[in-house]
Amino acid sequence: MKLRIFVTLKPGVLDPQGRAIHKALGGLGFEGVNDVRAGKLIELEVEDSVEDAQIDAMCRKLLANTVIENYRVERA
């Protein structure tokens, strides 16, 4: 089974990478972009026997810093 883990910063957490992207877009002449928040996408291929609790544990222990990040799991 293929999984996609989307990790994003929680609202209110400063996002220097998003800010740099926003500034670069403006510098390249792209207008109308009000805000940018950067995140990461992690793709996993796991056996069908892997339970949701195991996937959640993977995210909480390694893939996301739950103090400042949210994550969402999507089955592909």
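Quick caveat: nothing in here was measured; it's all calculated off a predicted structure. Numbering starts at 1 and runs along the sequence shown.
- Contact of the Leu44 side chain with the Met58 side chain is registered, since non-hydrogen atoms from C-beta on lie closer than 4.5 Å.
- Between Asp56 and Arg60 there is a salt bridge, with a side-chain nitrogen of the basic residue lying less than 4.0 Å from a carboxylate oxygen of the acidic one.
- Asn70 contributes atom CG, which lies 5.0 Å from atom OG1 of Thr8 (distance to the nearest 0.5 angstrom).
- If you chain together hydrophobic residues whose side chains sit under 4.5 Å apart, Val67 and Val7 never meet in one group.
- Partners of Arg37 by salt bridge (charged side-chain N to carboxylate O under 4.0 Å, His left out), not counting sequence neighbours: none found.
- Residues Arg72 and Glu74 share a closest heavy-atom pair of NH1-OE1, 3.4 Å.
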May I have the list of side-chain donor-acceptor pairs in residues 20-33 shorter than 3.5 Å, sequence neighbours left out?
{"unit_1": "His22", "atom_1": "NE2", "unit_2": "Val33", "atom_2": "O", "d": "2.7"}

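- Residues Val73 and Arg4 form no side-chain contact, since every pair of their non-hydrogen atoms from C-beta on lies 4.5 Å or further apart.
- A heavy-atom distance below 4.5 Å is found between the side chains of Val50 and Ile55.
- Met1 and Phe6 are assigned to two separate hydrophobic clusters, defined by single-linkage of ILVMFWY side chains at heavy-atom distances under 4.5 Å.
- The side-chain heavy atoms of Cys59 and Ile42, taken from C-beta on, include no pair separated by under 4.5 Å.
- Atom NZ of Lys2 and atom CD of Glu43 lie 7.5 Å apart (nearest 0.5 Å).
- The closest side-chain heavy-atom distance from Lys10 to Ile68 is not below 4.5 Å.
- A search for side chain to side chain donor-acceptor pair (under 3.5 Å) contacts involving Asp52 returns Arg75, not counting sequence neighbours.
- Here the side chains of Tyr71 and Thr66 are in contact, with some heavy-atom distance below 4.5 Å.
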